[in-house]
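Single-structure report; data block below.
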Amino acid sequence: MSRQPVFLSDGVVAGLLRYEELIPRLEEALGKFSLRRSSELLQPVRSVMPLQNHSGFLGLMPSYMPNEGILCTKMLTFYRREAGSSLPSTQASVLLFDPEYGNVTAVMDGLDITHKRTAAVSAISAKLLKPAQLDILCILGSGHQALSHYEVFTLLFSFKEVRVWSRRMESATRFAASVKGPVTVCSSVKEAVNGADVIITVTSSSEPVLFGNWVKPGAHVAAVGACRPNWRELDDDLMRDAVIYVDSREGADTESGDIILSGAKVFAEIGEVINGTAPAFCEKTTVFKSLGMGIQDAVSAKLVFDKWKSQQ
Ligand SMILES: NC(=O)C1=CN([C@@H]2O[C@H](COP(=O)(O)OP(=O)(O)OC[C@H]3O[C@@H](n4cnc5c(N)ncnc54)[C@H](O)[C@@H]3O)[C@@H](O)[C@H]2O)C=CC1
Ligand SMILES: O=C([O-])C1=[NH+]CCC1
C-alpha cells in the first residue's frame, strides 16, 4: 500500500459531521459494545500517561470493529488550566487504518469529533432516561463541551428554559451571547439547577460542583467532566441516591472519581438500555457518567472519512 494518508483539518471534519447521521451510529456502537462480543468489537480502556510538569495527560484510545472495517485510534492531550488561561484544555487527533493492510488511511483533527460525539452520547442518555417533564435544561460549565451539548440538546428536545452557570460570570455571559436561543445566566450552581429536569456537568473541576440536595428528584444528570480517578464533579449524596448509568463499566471503575471515591454502584451501561437488557428508570433521579470511548471516535471518524471520499 503506497498511498499516503489524507489529512482532514478541523474545518473539513466539522463540515462533514452531522448529529442526525452521527446519533444512530453511536447508538448502534454503544449497543454492540455492551454485548462484549470480542469478534465484533475490541476496545480496551484507554491508556493515560500523566505529564507531571504540565498538569496534563496524554491518552491513547484504540478500537477495532472488524465487520465495519474500522481500525482506529484517537490520541489526545488534556490539561487542567487556570481560570482565564488562553491555552486549550483538550486537543486530539484521530487515525483511521485499513484493517487488512495496517496502513493509515486518514489522519484527522479530533476536536470536532470529540465535542460532537460526547454531546451526542449525553443526548442519547437523556433520550433513554428521559424525565417525565422536560422543561428546564441546565448546563454547568461554558467551554467547548458546553457549546456542543447546547447544540445537540436544543436540536433534539424543546426546553422552555436553558440556563448556564460558569465559575466566571463573564464566561457564562459570553456563552449565552454566542448561541442562537435565549439562555439564562445564573450566578450560582444552586440557582442554576433549581427545578432543572436535565443537568449537564461539563467542567474541568476536580472537586464536586453539583450537590444532590439541590437536584430535583427525577432529574437526569449527564456528567461529562471528572475523567480521572481522583477528580469529582458530583457529591456523594447525588452518587448514592441516583441510579448510575455509564458508557463503560471498565472505564468507570478505572477512571471515574465520582464512582470510585463515592463507592456508588454502577447500575448499567447505556448500551444495555439500548439492547433492552437493562431497564431505564426514567421516574428516578438518574446520572449518566460519561468518560468517553474509542469506539465513539471510531464511528465518527469513519462517517467523516466515507463522506469525504464520496465527494472526491
Ligand atoms: N466524557 C467525555 O467523553 C469527555 C469529557 N471531557 C471533559 O469535559 C470537561 C469539559 O471539557 P471542555 O469543554 O472541552 O473544556 P473547556 O476548557 O473548553 O471548558 C472547561 C469548563 O470548565 C470550567 N472549569 C474549569 N475548572 C473549574 C472548576 N474548578 N470549577 C468549575 N468549573 C471549572 C471552565 O470555566 C470552563 O467553563 C473536561 O473535564 C474534559 O476533560 C472532554 C471530552 C470528552
Ligand atoms: O473521551 C475523550 O475524548 C475524553 N475524555 C476525557 C477527556 C477527553
Side-chain angles (χ1 to χ4, degrees), residues 26 30 43 45-48 55-63 72-94 109-125 139-151 164-176 178 185-186 188-189 192 200-210 221-234 245-248 251-252 254-259 270 287-298 300-301:
L26 287 168
L30 291 164
Q43 183 214 258
V45 175
R46 72 182 144 221
S47 61
V48 179
S55 307
F57 299 86
L58 172 69
L60 184 67
M61 303 175 68
S63 62
C72 182
T73 190
K74 180 165 87 173
M75 288 169 290
L76 82 156
T77 53
F78 56 98
Y79 293 79
R80 302 278 321 281
R81 300 293 192 201
E82 295 306 319
S85 166
S86 59
L87 296 170
S89 58
T90 300
Q91 293 173 83
S93 298
V94 180
D109 193 289
L111 262 195
D112 192 68
I113 287 176
T114 302
H115 299 156
K116 285 191 179 140
R117 62 68 150 154
T118 308
V121 171
S122 297
I124 291 168
S125 81
I139 304 176
L140 303 179
S142 61
H144 295 90
Q145 288 292 339
L147 194 58
S148 56
H149 279 74
Y150 173 87
E151 282 166 3
V164 67
W165 166 87
S166 197
R167 71 183 158 160
R168 297 169 87 217
M169 189 87 169
E170 61 263 37
S171 307
T173 306
R174 205 176 316 120
F175 175 88
S178 74
V185 175
C186 297
S188 72
V189 175
I200 298 164
T201 62
V202 272
T203 75
S204 301
S205 183
S206 53
E207 307 291 334
V209 290
L210 180 61
V221 178
V224 173
C227 58
R228 297 295 301 151
N230 56 347
W231 291 2
R232 304 288 300 262
E233 278 193 306
L234 315 182
Y245 295 83
V246 295
D247 42 16
S248 150
T254 311
E255 292 191 328
S256 170
D258 285 324
I259 287 170
I270 50 167
V287 166
F288 167 54
K289 179 56 219 153
S290 160
L291 288 152
M293 300 201 288
I295 53 159
Q296 299 166 2
D297 302 304
S300 308

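Ligands are counted one by one from 1 in listed order, and the atoms in each one are counted from 1 as well.
Looking at Ser206 next to ligand 1, no N or O pair under 3.5 Å apart turns up. Of the N or O atoms in Val224, one or more lie within a sub-3.5 Å distance of an N or O in ligand 1. Residue Leu291 places at least one N or O, backbone or side chain, under 3.5 Å from an N or O of ligand 2.
The shortest separation from a heavy atom of Arg117 to ligand 2 is under 4.0 Å, placing the residue in contact. At least one heavy atom of Arg46 sits closer than 4.0 Å to an atom of ligand 2.
Between Thr73 atom OG1 and Gln43 atom CD the span is 10.0 Å, to the nearest 0.5 Å. Of the inter-residue distances, the one linking Leu58 atom CG with Arg46 atom CZ reads 11.5 Å to the nearest 0.5 angstrom. Atom NE2 of residue His144 and atom OG1 of residue Thr114 lie 11.0 Å apart, to the nearest 0.5 angstrom. A distance of 9.5 Å separates CG in Leu76 from CG in Leu111, rounded to the nearest 0.5 Å. Note that CG of Leu26 and CD of Gln296 are 6.5 Å apart. Values are rounded to the nearest 0.5 Å. Annotation: the span from Leu30 atom CG to Met293 atom CE amounts to 5.0 Å, rounded to 0.5 Å.
Residues Arg117 and Asp297 are in side-chain contact: their nearest non-hydrogen atoms beyond the backbone lie under 4.5 Å apart. Taking the side chain as every heavy atom from C-beta outward, Glu255 and Val48 approach each other to under 4.5 Å. With contacts defined as side-chain heavy-atom distances shorter than 4.5 Å, the pair Val121/Ile270 qualifies. Side-chain atoms of Ser178 and Leu147, non-hydrogen and from C-beta on, do get closer than 4.5 Å to each other.
The parts of Thr203 lying near ligand 1 are both backbone and side chain, judged by heavy-atom distances below 4.0 Å. Using a 4.0 Å cut-off between heavy atoms, Ser205 contacts ligand 1 through both its backbone and its side chain. By the criterion of a heavy-atom distance under 4.0 Å, the backbone of Leu291, and not its side chain, is placed next to ligand 1. Contact annotation: for Leu76 versus ligand 2, heavy atoms closer than 4.0 Å belong to the side chain alone. Counting heavy atoms under 4.0 Å from ligand 2, residue Lys74 touches it through the side chain alone. Neither the backbone nor the side chain of Gln91 has any atom closer than 4.0 Å to an atom of ligand 1 (non-hydrogen atoms only).
Taking a cut-off of under 4.0 Å to the non-hydrogen atoms of Ser142, the atoms of ligand 1 that pass are 37 (O). Under a 4.0 Å criterion applied to the non-hydrogen atoms of Val202, ligand 1 contributes the atoms 10 (C), 21 (C), 22 (O). Of all atoms in ligand 2, listed by their number and element, those nearer than 4.0 Å to a heavy atom of Cys227 are 6 (C), 7 (C). Annotation for ligand 2: atoms under 4.0 Å from non-hydrogen atoms of Thr114 are 3 (O). Residue-ligand proximity, Ser166 to ligand 1, at heavy-atom distances under 4.0 Å covers atoms 35 (O), 37 (O). Atoms of ligand 2 found under 4.0 Å from any heavy atom of Gly292, numbered from 1 in the order shown, are 1 (O). Within ligand 1, counting atoms from 1 as listed, the ones closer than 4.0 Å to a heavy atom of Gly141 are 37 (O). Residue Ser290 approaches ligand 1 through these ligand atoms, each under 4.0 Å from one of its heavy atoms: 1 (N), 2 (C), 3 (O).
Side-chain contact check for Ser142 and Ser166: at least one donor-acceptor pair (N or O, by modelled atom type) lies under 3.5 Å.
Of the protein's non-hydrogen atoms, Cys227 SG, 3.9 Å is the one closest to atom 41 (O) of ligand 1. Among all non-hydrogen protein atoms, the one lying nearest atom 17 (O) of ligand 1 is Ser89 OG, 2.6 Å. For atom 3 (O) of ligand 1, the closest non-hydrogen atom on the protein side is Arg117 NH1, 3.0 Å. When hydrogens are left out, the protein atom nearest atom 24 (N) of ligand 1 is Arg167 NE, 3.5 Å; that is the closest non-hydrogen contact. In terms of protein heavy-atom proximity, atom 19 (O) of ligand 1 is closest to Gly143 CA, 3.5 Å. In terms of protein heavy-atom proximity, atom 42 (C) of ligand 1 is nearest to Gln145 NE2, 3.9 Å. The protein non-hydrogen atom at the shortest distance from atom 23 (C) of ligand 1 is Ser204 N, 3.9 Å. Closest protein heavy atom to atom 4 (C) of ligand 1: Thr118 CG2, 3.7 Å.
With a 6.0 Å radius and a threshold of 12 heavy atoms from other residues, nucleotides or ligands, Glu207 has its CD atom at or below the threshold.
Between Trp231 and Phe57, the ring-plane angle classifies as perpendicular under the 30° and 60° cut-offs. The aromatic rings of Tyr150 and Phe175 stand perpendicular to each other, their planes meeting at an angle above 60°, with 30° marking the opposite boundary.
Note on Lys116 versus Glu151: no salt bridge recorded, every NZ/NE/NH1/NH2 to OD/OE distance being 4.0 Å or above.
Closest non-hydrogen pair, Ala252 versus Ile259, comes out as CB-CD1, 3.6 Å.
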